[in-house]
2 protein chains.
Amino acid sequence: MSKTVTKLDRDEVVFVARELVLREGPAALSMRRLATELDVGTPTIYWHVGSRDELVAAVVDAQAERLAERPIEGRTARDRVLSAALHIYAGAVEERAITSLAHQTGTSGRLLARLEAALVGELEAAGLRGAALGDAVRSILVVVTGSLVLTLRDYASRPDDRDHALWSGCDLDALTTDTLRAVVHRHVPPNKRSRS
Amino acid sequence: MSKTVTKLDRDEVVFVARELVLREGPAALSMRRLATELDVGTPTIYWHVGSRDELVAAVVDAQAERLAERPIEGRTARDRVLSAALHIYAGAVEERAITSLAHQTGTSGRLLARLEAALVGELEAAGLRGAALGDAVRSILVVVTGSLVLTLRDYASRPDDRDHALWSGCDLDALTTDTLRAVVHRHVPPNKRSRS
DNA sequence: ACCTGAACACCGTTCAAGT
DNA sequence: ACCTGAACACCGTTCAAGT
């Protein structure tokens with residue numbers, strides 16, 4: 001009897017850390033706070049994750065994983081690339097607490113890693129190689145990253161939810177789609193592509 | 001005789017803070033550290049700048065001011081807009097410690113404020129108004145911001161200067177110019193413009 | 001007006017010690 | 001292998017008190 005005391009997992013530490021950030025913002029993610037949340041001594045967290053930097057990296061990686069789960073849509077290469085990029089953008093805006101955490105810690109790269117991989121896949125399938133591929137990938141990442149930073153500016157570590165509904169239909173969203181479409185148009189050949 | 005003890009200035013506090021960041025990276029900017037640097041008690045800094053957030057804002061604003069000093073070149077609207085944008089990009093990469101500080105604290109907006117103003121000026125002179133102007137400005141800021149984040153990724157709070165010379169001729173620099181040119185081309189009419 | 005010492009409530013991290 | 005209490009060296013911020 002009494003409450004079930006499951007042995008603590010590295011995955012659970014990361015999961016609870018993620019939830020803490022989503023619930024109370026990036027600033028709430030301290031080792032001590034997380035320890036209290038897990039009902040555990042602070043050094044226990046170090047045993048499981050090594051350091052705060054590693055913890056943050058793990059949380060961001062987990063988010064990247066989740067963002068990459070959304071299925072890429074469209075039949076032409078251009079549509080699919082655009083779809084992949086917009087998935088990451090939209091997801092990062094929705095869970096902006098974690099996106100902010102990534103920006104603050106300089107780990108935005110990790111957040112985009114899976115998108116980068118997906119883009120390379122789609123673009124190679126579309127026939128791009130070498131420098132052309134690299135330029136296309138980087139251009140798209142530039143637009144996604146820049147849009148994210150501008151969309152989330154002023155949002156720093158406090159979970160103030162005014163205008164929560166406004167974000168979906170905001171100007172910058174439309175402009176992002178537009179700019180993204182232009183960049184994709186510029187770098188990706190228009191050939192149709194059927195999945196074999 | 002004895003060393004001249006000038007009365008402390010708000011401007012001097014900000015200046016020394018700026019130098020500290022440039023010399024030892026964003027992480028070195030703590031109120032206590034800065035106080036030691038100024039040979040002063042910690043509360044003195046609070047008397048002059050109010051809080052750490054205000055201090056950071058002031059440092060970033062000072063940097064924005066410096067970036068805006070570089071003269072805009074070119075005779076056509078497109079050239080001048082491109083020139084303004086590249087000035088900010090180049091300057092932000094050169095003094096990347098402060099750029100990182102701005103990103104970490106979510107104040108990248110302040111860093112771009114003067115560029116934004118300059119862009120609005122140039123674009124209005126080129127005949128843009130209303131939504132077209134807003135879209136043009138935001139698209140350009142998106143590319144500048146995105147390029148900055150990608151260029152500076154991995155650089156987090158430590159001033160490790162390997163490849164210091166490589167940055168100037170790096171791939172992303174060329175790509176940034178290229179992408180920027182495309183965005184400008186897309187949003188700014190090609191009309192020539194003479195300064196009256 | 002300008003500056004201080006001392007304190008409060010936090011941090012990340014380590015380490016000897018427990019089971 | 002997994003977890004702890006206690007400590008070290010830091011933070012931002014405040015406040016009564018000094019000149």
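Numbered from 1 within each chain, the chains take letters A, B, ... in sequence-line order.
- Distances from the side chain of Trp47(A) to the nucleotides dA1(D), dG12(C), dG5(C) place dA1(D) closest.
- Hydrophobic cluster membership is shared by Leu111(B) and Leu22(B), with clusters built from Ile, Leu, Val, Met, Phe, Trp and Tyr side chains linked at under 4.5 angstrom.
- Distance, Met31(B) CE to dC3(C) P: 14 Å, rounded to whole Å.
- Taking the P atoms as reference points, dA9(C) lies 22 Å from dA9(D), given to the whole Å.
- Contact annotation for Ser30(B): backbone-only contact, meaning every heavy-atom pair under 4.0 Å involves sugar-phosphate atoms and none involves a base.
- dC2(D) and dA17(C) have their P atoms separated by 22 Å, given to the nearest Å.
- Atom pair Gln104(B):CD and dG12(D):P shows a separation of 13 Å (rounding to whole Å applied).
- We find that Glu73(A) and Arg80(A) are not joined by a salt bridge, their nearest charged nitrogen and carboxylate oxygen being 4.0 Å or further apart.
- Nearest to the side chain of Tyr46(A), among dG12(C), dT14(D), dC3(D), sits dG12(C).
- As a whole-Å value, the separation of Arg10(A) CZ from dA1(D) C1' is 17 Å.
- Base pairing in DNA chain D yields stems of at least 3 consecutive Watson-Crick or G-U pairs, both distances under 3.5 Å, namely C:4-8 with D:12-16, C:12-16 with D:4-8.
- Cluster membership check: Val14(B) shares its hydrophobic cluster with Val16(B), using side-chain heavy-atom separations under 4.5 Å among Ile, Leu, Val, Met, Phe, Trp and Tyr.
- Applying the 4.0 Å criterion to OP1 and OP2 of dT4(D), one finds that Thr44(A) has a side-chain N or O inside that range.
- dC8(C) and dC11(D) have their C1' atoms separated by 12 Å, given to the nearest Å.
- Computed from coordinates, the Leu29(A) CG to dC10(C) P distance equals 16 Å when rounded to whole Å.
- Protein atom CG of Leu34(B) is 13 Å distant from nucleotide atom P of dC3(C), rounded to whole Å.
- For Leu38(B) and dC3(C), the CG to P distance is 10 Å, given to the nearest whole Å.
- Ser51(B) comes within contact range of the sugar-phosphate backbone alone, with a heavy-atom separation under 4.0 Å but no base atom that close.
- Considering only the side chain of Arg32(A), dT13(C) comes nearest among dC11(D), dC3(D), dT13(C).
- Taking only side-chain nitrogens and oxygens, His48(A) never comes nearer than 4.0 Å to OP1 or OP2 of dA1(D).
- Note: CZ (Arg52(A)) to C1' (dT13(C)) measures 13 Å, nearest angstrom.
- Ion pair Arg23(B)/Glu37(B) flagged as a salt bridge, since at least one NZ, NE, NH1 or NH2 atom sits closer than 4.0 Å to an Asp/Glu carboxylate oxygen.
- Between Arg186(A) and Asp178(B), at least one side-chain N (NZ, or NE/NH1/NH2) sits under 4.0 Å from a carboxylate O, which counts as a salt bridge.
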Carefully, step by step, assess Met31(A) and Leu55(A) under the rule side-chain contact (heavy atoms from CB on, under 4.5 Å). CA-CA 9 Å; Met31(A) 304 302 263; Leu55(A) 174 66; 4.1 Å; yes
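- What separates NZ of Lys7(A) from P of dT19(C) is a distance of 18 Å, to the nearest Å.
- The CG atom of Leu112(B) sits 13.0 Å away from atom OH of Tyr89(B), with the distance rounded to the nearest 0.5 Å.
- Leu150(B) and Val120(A) fall within a single hydrophobic cluster, where Ile, Leu, Val, Met, Phe, Trp and Tyr are joined by side-chain heavy atoms under 4.5 Å apart, directly or via other members.
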